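This is a predicted model, so every value here is computed, not measured. In listed order, ligands and their atoms are each counted from 1.
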Amino acid sequence: MVTTPLKTTKSEEIFAAAQKLMPGGVSSPVRAFKSVGGQPIVFDHVKGAYIWDVDGNQYIDYVGTWGPAICGHAHPEVLAALRDALEKGTSFGAPCYLENVLAEMVIDAVPSIEMVRFVNSGTEACMGVLRLMRAFTGRDKLIKFEGCYHGHADMFLVKAGSGVATLGLPDSPGVPKSTTANTLTAPYNDLDAVKQLFEENPDQIAGVILEPVVGNAGFIPPDAGFLEGLRLLTQEHGALLVFDEVMTGFRIAYGGAQEKFGITPDLTTLGKIIGGGLPVGAYGGRKEIMQLVAPAGPMYQAGTLSGNPLAMTAGIKTLELLQRPGTYEQLDRITKKLSDGLLQIAQETGHAACGGQISGMFGFFFTEGPVHNYEDAKKSDTAKFGRFHRGMLEHGIYLAPSQFEAGFTSLAHTDEDIDRTLEAARAVMASL
Ligand code: KE4
């Protein structure tokens, strides 16, 4: 458990040194706790639903390394599989049977995917899928939604979510206007705005890319009819529909949001869970589209470590674990208990709050709500969220360090963990 106030001497020393070595002392901006204040804690090790920091404090973890740890951190069966794989080497840079195995599992699971290409991150997957959308349609423009995040490639850094939203960056310097000139944006859940963009840009839009359940502006589910409407609009205008399921894939259902909502896009991006904690991304879709990708076709995309045996091994074992009966019922039950509890406690302690969950993904905002899009999300009390985050940390609960992120549970979280979390939330909310 944690000491109150939190003893974080070693974390502070290590993070102070880190800031002299790496910009902001981190390898990815959201980890710096900029929007919630205070020092980030430095992890020593993780196991199951728990984190231990370098000062020996233990926390219940609701970030799960941003999604991959859905079976619990350092799952014994994943570690055992990796130990065996290690004996055969860490990287081949050549065809490997494990790629066939994971590819087959992804193709069997995800309705839109008939063929798949592995890369090393969600960013790379989204870069590849955009180039493919453009190659297949011969069109240059794309539609994304405000608050959605598709990795840090130039053309997506327009009104992006996640760390861009967290840091309140207008958009990033270093991205030429020419690069984002073809990136059109619309508010999430606003079909009329998308319709208008298609009318204003006839035959120029290669496709629409979105998070089918938003996690990078906080948790924002699709309104009824939104996904269906996009499916019809893209078909009507000869454009492609792309679900960025880097976060939702294998999380909100084994077949992702497209299985959950029964809407099949033309292309899908994946990441996080399919790597089981090692670096993997993927993009896939209909064979007629994927056949364009080199060396089958002319659309170039490559990667030294793509499909490496360790990442394939961790992904295969993770998906095997997720196939076990009762997985998604358990994730849904435990996360609903958490989400409903947080909202009830907020109400009982006099705080306006709204939010929800789908399977092992949840989020809430300190605002009356409802939150249908990024503009709504930005109206929430982010300063209060920062105080809540710090208070929960002091109570040994590790939440995503930004209002504009989603929370994640795992198969390792127990009812006792949820009860302890709600107990802490009651104490902290009463003190806000
Ligand atoms: P990566 O390049 O970080 O593997 O994936 C980019 C990406 C693409 N699409 C979606 C829907 C994503 O959520 C992400 C990455 N998610 C963030 C967390 N919201 C990664 C955490 C970070 O940036 O440190």
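Using a non-hydrogen distance threshold of 4.0 Å, Gly215 does not register as a contact of ligand 1.
Taking atom 21 (C) of ligand 1 as the reference point, the nearest protein heavy-atom neighbour is Trp66 CG, 3.8 Å. Protein heavy atom at the shortest distance from atom 9 (N) of ligand 1 is Asp244 OD2, 2.7 Å. Taking atom 1 (P) of ligand 1 as the reference point, the nearest protein heavy-atom neighbour is Gly122 N, 3.5 Å. Protein heavy atom in closest approach to atom 18 (C) of ligand 1: Glu405 OE1, 3.5 Å. Nearest to atom 12 (C) of ligand 1 among the protein's heavy atoms is Asn216 ND2, 3.6 Å. Ranking the protein heavy atoms by distance from atom 23 (O) of ligand 1 puts Ser28 OG, 3.4 Å first. At the top of the distance list for atom 20 (C) of ligand 1, counting protein heavy atoms only, stands Lys272 NZ, 3.5 Å.
Shown in contact with Met247 at under 4.0 Å from a heavy atom are these atoms of ligand 1, numbered in order with element: 13 (O), 19 (N). Those atoms of ligand 1 with a heavy atom of Ser121 less than 4.0 angstrom away are 2 (O), 4 (O). For ligand 1, the atoms sitting less than 4.0 Å from at least one non-hydrogen atom of His150 are 8 (C), 9 (N), numbered in the order shown with element in parentheses.
No side-chain heavy atom of Ile263 sits less than 4.5 Å from a side-chain heavy atom of Gln258. Counting heavy atoms from C-beta on, the side chains of Ile41 and Asn57 never come closer than 4.5 Å.
When heavy-atom distances to ligand 1 are checked against a 4.0 Å cut-off, Thr123 comes that close through both its backbone and its side chain. Neither the backbone nor the side chain of Glu124 comes within 4.0 Å of ligand 1, counting heavy atoms alone.
Looking at every heavy atom in both residues, Ala424 comes nearest to Ile397 through CB-CG1, 3.9 Å.
In the model, Gln301 has no side-chain atom that pairs as donor or acceptor with a side-chain atom of Arg131 under 3.5 Å. There is a side-chain donor-acceptor pair under 3.5 Å between Asn120 and Ser306.
Taking a 6.0 Å sphere around CD of Glu104, one finds it holds 12 or fewer heavy atoms contributed by other residues, nucleotides or ligands.
Checked against the 6.0 Å centroid threshold, Phe261 and Phe243 do not count as a close aromatic pair.
Of the options Leu227, Val242, Asp244, a side chain to side chain contact (heavy atoms under 4.5 Å, CB included) to Leu210 is made by Leu227 and by none of the others.
Across Ala406, Gly161, Gly151, heavy-atom proximity to atom 7 (C) of ligand 1 is greatest for Gly151.
Atom 3 (O) of ligand 1 is not flagged as protein-proximal [any protein heavy atom, distance under 4.0 Å].
Judged by a 6.0 Å distance limit and a 45° cone about the ring axis, Lys384 is not positioned over the six-membered ring of Phe388.
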